[in-house]
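Let me begin by presenting the structure, written as C-alpha cells, before commenting on it.
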Number of protein chains: 2
Amino acid sequence: MDDELSRVFAALADPTRRDMVARLAVRDATVNELAEPYAVSLQAISKHLRVLEDAGLVSRTRQAQQRPVHLEAEVFDLMTKWIERYRREAEERYRRLDAVLAAMDANTPTETATDQERGAS
Amino acid sequence: MDDELSRVFAALADPTRRDMVARLAVRDATVNELAEPYAVSLQAISKHLRVLEDAGLVSRTRQAQQRPVHLEAEVFDLMTKWIERYRREAEERYRRLDAVLAAMDANTPTETATDQERGAS
DNA sequence: CTCATGTTCAACCGAGCGGTTGAATAGAGG
DNA sequence: CCTCTATTCAACCGCTCGGTTGAACATGAG
C-alpha cells in the first residue's frame, strides 16, 4: 500500500469518515451506533471503518458480538507535525518577504533588498 | 465538488503532491522546475498543481510564459484546527480514563469508578 | 443445537484519479 | 510572421473508491 501519511490524509478526505472521527472523539461506539445517522448501508460504514483502521486512526476490540471502535489520537500527531513544518516555513518566508518590501519602501530601492532575501534562505 | 476540507485532505493524500508542497515551502517555482525531480510527464505535474490549486493550497500568477507557483499557508490552518480539535478531545478522554483507572487502583474497586466515568461524560 | 444479533466478506457498478500521448494555446524573440 | 519555450487541454486507460446487494461468519441467549 501507500505510506502511512498518505493513508491518514486519504482517510480524512471523506466527510462521512471525518464525521465518524468527530463522534468517536466524544465516545467509543459500535458499528451499528456509528452507522445510525447516515443514509447508507451498514456494509458501507464497515468499509469506512476499515479505511480508518488501516490508517491507524481507530482500533477495534471485540465485546460479545459487538466490535467497539476507539479513536487513536497518536496518528494525529503525524499529520500535525507534517502540516506545521511546512506551514511554518511558508509563513516565515512570507514574513521575510514583508521585511524585504518594508526595506524597499524605507531605503532607496537598490540591490540591498534582494541581498537580504538571498542571505536569509 | 466536495467541501474545502475534503479537497485539502485529498490533495495532500498523494506523496508527489506533498513533496511539491514541501519544496514550495522553501521557494516559489515554475511548473518545469517542479516537474524536474519526478519521473512523470509535465502534464501529470500540471494536473497535480490543479488539484493543489483547487484545494487552495497554492496560487499561480503569470510571468512571461511561466506560471510561478506559490504556496498559500492559510489553508493549513483549516486542517490544523480540525485535527487539533478532535485530537484534544480524544486525548482528554484518554486522560479521564487514566484517572478512572488510577482511582480504581487506589480505592476499593466498587461502583465508584464507573460513577465517575459516567459523571464526566 | 438453533436462533437472533452484529459485523464482515464477495461480487459487482459507476465515478473519479493518476498516468499516458497528441494537439492546442500564450508569450518572448528573431 | 515564424519559431521556440512553457504550459494546458482532450481523449483515453487501468485502478481504486464509495456505494450497493446477498451470503457468510461470530457470539450470546433460549
Side-chain angles (χ1 to χ4, degrees), chain A residues 1-24 27-72, chain B residues 1-24 27-72:
Chain A
M1 266 257 204
D2 262 357
D3 62 299
E4 182 170 18
L5 206 44
S6 294
R7 283 199 302 270
V8 176
F9 277 122
L12 294 179
D14 183 281
T16 303
R17 284 196 293 260
R18 275 203 310 280
D19 193 59
M20 292 198 286
V21 166
R23 292 168 56 211
L24 286 168
R27 67 172 60 84
D28 294 0
T30 67
V31 179
N32 261 293
E33 287 167 358
L34 280 172
E36 197 270 321
Y38 315 114
V40 297
S41 68
L42 218 55
Q43 292 94 319
I45 299 299
S46 187
K47 279 193 183 180
H48 278 310
L49 284 171
R50 189 135 167 52
V51 174
L52 290 173
E53 191 176 25
D54 286 349
L57 281 160
V58 305
S59 63
R60 291 139 115 183
T61 55
R62 184 168 278 286
Q63 193 172 101
Q65 306 103 310
Q66 276 116 293
R67 312 273 327 259
V69 183
H70 175 76
L71 185 63
E72 297 290 336
Chain B
M1 263 256 204
D2 262 356
D3 60 301
E4 180 170 20
L5 205 43
S6 294
R7 285 198 301 270
V8 176
F9 277 122
L12 294 179
D14 184 281
T16 303
R17 284 196 293 259
R18 276 202 309 282
D19 193 58
M20 292 199 287
V21 166
R23 292 167 57 211
L24 286 168
R27 66 172 62 82
D28 294 359
T30 67
V31 179
N32 261 294
E33 286 166 358
L34 280 172
E36 197 269 322
Y38 315 114
V40 297
S41 68
L42 218 56
Q43 291 95 317
I45 298 299
S46 187
K47 279 193 185 182
H48 279 309
L49 284 172
R50 190 135 166 52
V51 174
L52 290 173
E53 190 176 24
D54 286 349
L57 281 160
V58 305
S59 62
R60 290 138 115 183
T61 54
R62 184 167 278 287
Q63 194 173 100
Q65 306 102 309
Q66 277 117 289
R67 311 274 325 260
V69 183
H70 175 75
L71 186 63
E72 297 290 337

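Since this is a predicted model, take the numbers as computed values, not measurements. By convention in this document, chain letters (A, B, ...) are assigned in the order of the sequence lines, proteins followed by strands, and residues within each chain are numbered from 1.
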Quiz item: What one-letter contact string describes nucleotides 24-30 of chain C from 5' to 3', where B marks a base within less than 4.0 Å of any protein heavy atom, S marks contact via sugar-phosphate atoms alone, and - marks no contact?
Solution: ---BS--
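- When all heavy atoms are compared, the tightest approach of B:E72 to B:G56 is CB-O, 3.6 Å.
- Proximity of a side-chain donor or acceptor of A:R17 to a complementary backbone N or O of A:L52 within less than 3.5 Å is not detected.
- The side chain of A:H48 contributes no N or O atom lying less than 4.0 Å from OP1 or OP2 of D:dC17.
- Taking only side-chain nitrogens and oxygens, A:N32 comes nearer than 4.0 Å to OP1 or OP2 of C:dT7.
- Here the straight-line distance linking atom NZ of B:K47 with atom OG1 of B:T16 works out to 13.5 Å at 0.5 Å rounding.
- For the contact set between residues 10-22 of chain A and DNA chain C, defined by any heavy atom under 4.0 Å, there are no members.
- Side chain of A:R67 to backbone of A:V31: no donor-acceptor contact under 3.5 angstrom is found.
- Within residues 40-47 of chain A, the residues that place at least one heavy atom under 4.0 Å from DNA chain C are, in residue-number order, A:L42, A:Q43, A:S46, A:K47.
- Look at B:R67 and you won't find any side-chain N or O under 4.0 angstrom from OP1 or OP2 of D:dA6.
- Rounded to whole angstrom, the span from the CD atom of A:E33 across to the P atom of C:dT7 amounts to 8 Å.
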Quiz item: Should B:L24 and B:L57 be marked as a side chain to side chain contact (heavy atoms under 4.5 Å, CB included) after you check the CA-CA gap, both sets of side-chain angles, and the distance that decides it?
Solution: CA-CA 10 Å; B:L24 286 168; B:L57 281 160; over 6 Å; no
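- Remark: B:S6 engages A:R18, B:D3 in a side-chain hydrogen bond (donor to acceptor under 3.5 Å, both in side chains) (not counting sequence neighbours).
- D:dC17 atom P lies 16 Å from atom CG of A:L49, rounded to whole Å.
- Note that CD of A:Q66 and CG of A:D28 are 12.5 Å apart. Values are rounded to the nearest 0.5 Å.
- With sequence neighbours left out, the side-chain hydrogen bond (donor to acceptor under 3.5 Å, both in side chains) criterion links B:E53 to B:R60.
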I'd like a table of donor-acceptor pairs (distance under 3.5 Å, sequence neighbours excluded) in which one partner is a side-chain atom from residues 36-46 of chain B, with atom names and distances.
| unit_1 | atom_1 | unit_2 | atom_2 | d |
| --- | --- | --- | --- | --- |
| B:Y38 | OH | B:D19 | OD2 | 2.6 |
| B:Y38 | OH | B:R23 | NH1 | 3.0 |
| B:S41 | OG | B:A44 | N | 3.2 |

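- The distance between atom CG of A:L52 and atom C1' of D:dG18, rounded to the nearest whole Å, is 13 Å.
- Here the CG atom belonging to B:L71 is positioned 13.5 Å from the CZ atom belonging to B:R27, to the nearest 0.5 angstrom.
- In this structure, the CD atom of B:E36 is 13 Å from the P atom of D:dA6, given to the nearest Å.
- For the atom pair CG (B:L49) and CG (B:D54), the distance works out to 11.0 Å, reported to the nearest 0.5 Å.
- The CZ-P distance, from B:R50 to C:dG16, rounds to 14 Å in whole Å.
- Per the geometry, CG belonging to A:D2 stands 10 Å off P belonging to D:dT16, to the nearest Å.
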